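Nothing here was measured: the structure is a model prediction, and the numbers come from that model.
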Amino acid sequence: MTILDQPQTKFEKIPIKLFDAPNDASHHVAKKIAKLIRERQAKGQKAVLGLATGATPLEVYEELIRMHREEDLSFQNVITFNLDEYYPLAPDSPQSYNFYMDHYLFDHIDIPKENINVPLGTVSSEEISQYCEDYEAKIDEVGGIDIQLLGIGRTGHIGFNEPGSHLHSQTRVVKLDPLTISDATREFIKEEYVPRMAITMGIKSIFKARKVYLLAWGEKKAKVVSQAVEGEITGEIPASYLQNHPNVKFLLDKWAGQHLSRFKTPWLTGFCEWDDFLRKRAVIWLSMKLGKPILKLTDRDYKENDLGELIPLPNYSQQLNVEIFDQLQHTITGWPGGKPDADDTNRPERATPAKKRVIVFSPHPDDDVISMGGTLLKLVEQGHDVHVAYQTSGNIAVFDDDAMRFAEFVKFLELKDAKSTGHYEEIHRQVVEDLSKKKQGEKDSDIVRSIKGLIRRGEATAACRFCEVKDENVHFLNMPFYETGGVQKKGLGEDDIRIVADLIQKVQPHQIFAAGDLRDPHGTHKVCLDAIFGALKSLKSESWIKDCNLWLYRGAWQEWDVEEIEMAIPLSPMDVMKKRKAIFKHQSQKDHPVFPGEDNREFWQRAEERNSTTAKLYDRLGLTEYEGIEAFVKYNY
C-alpha cells in the first residue's frame, strides 16, 4: 500500500512514490519487472534488466523467485547486466557480487547462463580498460536496458559512481570512497580486506536505461535521499544527476522519505495539516533556525518564517512558546523509574510502585551501556530490580586474534594444573588449526564461534557487575536467528519470540527498555525489537502487562529528534565518566571494533558526543544545561 500519494512538492525534482514498508515497494517493482518480461515474451522479444546488489533489492529478488515458482514467470527471454563488482575480487568469493547474484537470484530461476552479465573482478590490469569498453558495448548491442534498479549509498553513489563522478562517465574502474569502504566492512569483517577499487557502469551508462527505479529503505538513507531529490545537481551527490533522467522514480519506505520537506518542514511546501506534534516540531525548528531560545520567539519571527498560521491572534507567540517549553521541560527527569512520593502528573514515568521490576534489552552485548549506561546506573542506584537481557551472542564481532588469545589462555591454565587431561590443549590446537585454514569471509568453526561468544559474554557480565546489576539478573538469550556464523542472519522466528516472551513472563516487569531502531528495515537491532513486540503481543492477555511501560532508546549511531523525546535523563560529568568505565569493560570492542559502521571513533566517544549534542540542543532551546542527556521515546504497544 502506498502512503501519502500527494503531488510532488515544489522542492522535489524527482518523482517519488512512498510506501509503508520495503516489502510493499519491493513487490511493486517486482510486478513492473514481471509485466515487462511477459509483454516481451508475448512479442518474442528480450527484456533487458539492469540489476543492483546489497540489502536493498533482496525482497525484489525474493518476489521474482516466488513468481517464477508459483506463477510460471519464466526468465528465458531475460538478459541482465549488473551495475558493478569489487576489483580485484574472485567471482566465487562470498563478498563478490557474482556470488551474491547467484545466491539470491540466478540459482533459483530459469535464466540462461549466457544471458547473465556481471562485471568480472579478476580481469588483469592490462585488459581491464578494454573489458570495460566491451561491457558497455554489449549493453548497446542488445538495445540498451529496459529497467534499471538502483540503490543509493551514504555518499550519494549509484552503482559505484562515487562523489566526483562525471555525468558522461561510462563503465570503468573507480577508486572507492572511504565511507563506502567503511560501509563494506560489514561484509568483509575487516576494513583492510575491502578492495579499494571497483568496476562500475557509469552515470551515462545508467542514463541509457529507458526506466530507472531507485530504491531506498530506512532512516539512514533519508538525508542523502533528500539531497538527491531536493538539492542541486552536483557530482558530489551522484544520484542527483537523476533529476535530468526522463523516466526515473524513487521508491521509498516512509522512513527513507523522512527528510523530504513534505515531512520535515511541511509548512514550507504549502498547505499544512497542523497537529500537536507538528506544532512542536515547527517551534523547535524556528528556535534552532534563528538561534533564539523558545521563550524569546516573537510573532514577527513566526510570520517571517512561514509559520504565521500558528499565530491566530496578536501576541499569541508568548502562549505558544510557553506551551512548547513546558512540554520539553516535562521530559527531563533524574528518576527514570519514576520519583517515589512525588506528583507524577507531568513526569514521564509514574511514581508507583516505588521499586519497579525493569528489563533492559540489549541486542548485542554492549548496546545497554553504550546507549543508556547512565540511565541503567541510575535505575540500579535508585533501588529498582533491574534485569539486563542480551538478545544475541555478538560472536561475529570479535577479531580472530582475540579468540586465539583466549584459546592460549586456557591452554596455559591447563599446563599449570597437574591433574590436566589435555582437553583444553586439544581445544587450543583445534582453534589454531581452524583459524589457520580460514579463508577471508569464511564462517568461523563452531569452537571458534563459541569462544568469541564467551568473550562477549564475559565482557557483558563485567559491565553489569560494574553497574551493580545482580548476577542472577543478567540473562543471555542467544536468540537463534543470529546464530548463522555470518553477517547475513535468518529472519525472526517463533523460537526467538518465545525466548523473549518467557523472560518477560518470568520477570513481569513494570518497565522495559529496548533498542528503538524502528526505522531501519535491516539489521540485528530491528529483528530484536520485533521479537520484543511479538513477545508482548503474545502476552497481551496477562493482567500485569497493562502496567508495563515500553521505553525505546537509540544506539551508538543516532539519536531521537528533540520533538520526539518523551523522557530525557540528564547526566552529570560524574555520570558520564561512570558510563564510560562501563563501556570500557567491553575490551574486544575497544580501539577499533570489528564492525565500526559509519563512524570510526570508539563507541564511548560516539556515545558521549551523542549525549552531549542532545544536552546542547536542550540548552539552545532555553532549558537547563547538562553535561549529557540520554533520550527515550515511549512506545504504546
TODO: Is it possible for you to check whether Lys590 lies under 6.0 Å from the centre of the six-membered ring of Phe584, through NZ or CZ, and within 45° of that ring's axis?
DONE: yes
- [ ] Considering only NZ, NE, NH1 and NH2 on the basic side and carboxylate oxygens on the acidic side, decide whether Arg154 and Asp177 come within less than 4.0 Å.
- [x] no
Task: Lys585: partners by salt bridge (charged side-chain N to carboxylate O under 4.0 Å, His left out), with sequence neighbours left out - done: none
Open item on the list: So that I can tick it off, tell me whether Lys452 and Asp402 are bridged by a salt bridge, with the cut-off set at under 4.0 angstrom between side-chain N and carboxylate O.
Closed with: no
Task: Salt-bridge present (Glu381, Lys578; N to O < 4.0 Å) - done: yes
TODO: Could you label the plane-to-plane angle of the Tyr390 and Phe476 rings as parallel, tilted or perpendicular, counting under 30° as parallel and over 60° as perpendicular?
DONE: parallel
Open item on the list: Minimum heavy-atom separation for Cys467 and Val369, please, with both atom names.
Closed with: SG-CG1, 4.3 Å
Task: Spacing of Lys490 atom NZ and Met479 atom CE [to the nearest 0.5 Å] - done: 11.0 Å
Task: Atom pair CD/CG of Gln511 and Asp385 - distance to nearest 0.5 Å - done: 12.0 Å
Open item on the list: Among Asp24, Leu18, Asn23, exactly one meets side chain to side chain contact (heavy atoms under 4.5 Å, CB included) together with Asp20. Which residue is that?
Closed with: Asp24
TODO: Can you run down the salt bridge (charged side-chain N to carboxylate O under 4.0 Å, His left out) pairs that involve residues 496-517, sequence neighbours left out, and say none if there aren't any?
DONE: Asp495-Arg498, Arg498-Asp502
Open item on the list: Under 4.0 Å between a side-chain nitrogen and a carboxylate oxygen: does that hold for Glu426 and Arg429?
Closed with: yes
Open item on the list: I'd like to check the salt bridge (charged side-chain N to carboxylate O under 4.0 Å, His left out) partners of Lys356; sequence neighbours left out, ordered by chain and number.
Closed with: none
TODO: State plainly whether the residues Asp446 and Arg449 are in salt-bridge range, i.e. N to O under 4.0 Å.
DONE: yes
TODO: Please say whether more than 12 non-hydrogen atoms of neighbouring residues, nucleotides or ligands are located less than 6.0 Å from CD in Glu472.
DONE: yes
Task: Donor-acceptor side-chain pairing of His364 and Thr392 below 3.5 angstrom - done: no
- [ ] Search all heavy atoms of Asp253 against all heavy atoms of Trp217 and return the closest pair with its distance.
- [x] OD1-CA, 3.6 Å
Task: Spacing of Leu251 atom CG and Thr56 atom OG1 [to the nearest 0.5 Å] - done: 11.5 Å
TODO: Using a strict cut-off of less than 4.0 Å between a Lys/Arg side-chain nitrogen and an Asp/Glu carboxylate oxygen, indicate whether Lys634 and Glu566 qualify as a salt bridge.
DONE: no
TODO: For Asn98 and Glu85, test the side chains for any donor-to-acceptor distance below 3.5 angstrom and give the result as yes or no.
DONE: yes
Task: Pairs touching residues 454-475 that satisfy ring-ring contact (aromatic ring centres under 6.0 Å, His included), sequence neighbours left out - done: His387-His475
Open item on the list: Just checking Lys546: does its NZ atom have more than 12 heavy atoms from other residues, nucleotides or ligands closer to it than 6.0 angstrom?
Closed with: yes
- [ ] Not counting sequence neighbours, which residues clear side-chain contact (heavy atoms from CB on, under 4.5 Å) with Ser450? List them please.
- [x] none
Open item on the list: I'd like to know if the side chain of Gln391 reaches the main chain of Cys528, judged simply by a donor and an acceptor atom lying under 3.5 Å from each other, with no hydrogens or angles considered.
Closed with: yes
Task: Stepwise side chain to side chain contact (heavy atoms under 4.5 Å, CB included) test for Leu529 and Leu552 - done: CA-CA 9 Å; Leu529 183 60; Leu552 303 181; 3.9 Å; yes
TODO: Please find out if less than 6.0 Å separates the ring center of Tyr635 from that of Phe533.
DONE: yes
Task: Partners meeting salt bridge (charged side-chain N to carboxylate O under 4.0 Å, His left out) with Glu63 (sequence neighbours left out) - done: Arg66
- [ ] For Tyr100, enumerate each residue passing the ring pair (Phe, Tyr, Trp, His ring centres under 6.0 Å) test, keeping only those at least two apart in sequence or located in another chain.
- [x] Tyr104
TODO: May I have the step-by-step check of salt bridge (charged side-chain N to carboxylate O under 4.0 Å, His left out) for Glu602 and Arg606, ending in yes or no?
DONE: CA-CA 6 Å; Glu602 291 192 45; Arg606 303 183 211 180; over 6 Å; no
TODO: In plain terms, say whether Glu608 and Lys579 are close enough for a salt bridge, that is, a side-chain N and a carboxylate O under 4.0 Å apart.
DONE: no
Open item on the list: I'd like to know if Arg554 and Glu630 make a salt bridge, using a cut-off of under 4.0 Å between side-chain N and carboxylate O.
Closed with: no
Task: Note: Asp107-Lys113 ion pair, threshold 4.0 Å (strictly below) - done: yes
- [ ] Could you tell me whether Phe513 and Phe632 have their ring centroids closer than 6.0 angstrom?
- [x] yes
Task: Trp255: partners by ring pair (Phe, Tyr, Trp, His ring centres under 6.0 Å), with sequence neighbours left out - done: none
Task: Of all pairs that satisfy side chain to side chain donor-acceptor pair (under 3.5 Å), the ones with a partner from residues 532-543, not counting sequence neighbours - done: Glu542-Trp544
- [ ] Might you point out which heavy atoms bring Ile451 and Ala407 nearest each other, and give the distance in Å?
- [x] CD1-CB, 4.2 Å
Task: Minimal non-hydrogen separation, Ala30 against Leu64, with atom names - done: O-CD2, 3.8 Å
Task: Gap between atom CG of Leu376 and atom OG of Ser371 - 0.5 Å precision - done: 11.0 Å
- [ ] Apply side-chain hydrogen bond (donor to acceptor under 3.5 Å, both in side chains) to Asp84 and list each qualifying residue two or more places apart in sequence or on a separate chain.
- [x] none
Task: ring pair (Phe, Tyr, Trp, His ring centres under 6.0 Å) against Phe361, all qualifying residues, sequence neighbours excluded - done: none
Open item on the list: As an exercise, state the distance from CG of Asp102 to CD1 of Ile116, rounded to the nearest 0.5 Å.
Closed with: 6.5 Å
Open item on the list: Quick check for you: to the nearest 0.5 Å, what is the distance between Arg357 atom CZ and Ile504 atom CD1?
Closed with: 13.0 Å
Open item on the list: Pairing donors with acceptors under 3.5 angstrom, does anything connect the side chains of Thr180 and Glu162?
Closed with: yes
Task: Donor + acceptor pair across side chains of Glu559, Thr613 (<3.5 Å) - done: no
TODO: Identify whether the distance between the nearest side-chain nitrogen and carboxylate oxygen of Asp530 and Lys526 falls below 4.0 Å.
DONE: yes
- [ ] Give the intermediate values and the outcome of side chain to side chain contact (heavy atoms under 4.5 Å, CB included) for residues Arg456 and Ser393.
- [x] CA-CA 7 Å; Arg456 300 299 305 272; Ser393 67; over 6 Å; no
Open item on the list: The test is side chain to side chain contact (heavy atoms under 4.5 Å, CB included); show your working for Val118 and Phe99 and say whether it passes.
Closed with: CA-CA 10 Å; Val118 183; Phe99 184 94; over 6 Å; no
TODO: Indicate yes or no for a side-chain donor-acceptor contact from Asn473 to the backbone of Val386 under 3.5 Å, with no hydrogens or angles considered.
DONE: yes
Task: Intermediate values then yes/no, side chain to side chain contact (heavy atoms under 4.5 Å, CB included), Leu252 and Leu215 - done: CA-CA 6 Å; Leu252 316 172; Leu215 317 178; over 6 Å; no
TODO: Mind checking ring pair (Phe, Tyr, Trp, His ring centres under 6.0 Å) for Tyr87 and listing every partner two or more places apart, or none if nothing turns up?
DONE: none
- [ ] For the residue pair Tyr86 and Phe160, categorise the inter-ring angle as parallel (less than 30°), tilted (30 to 60°) or perpendicular (more than 60°).
- [x] tilted
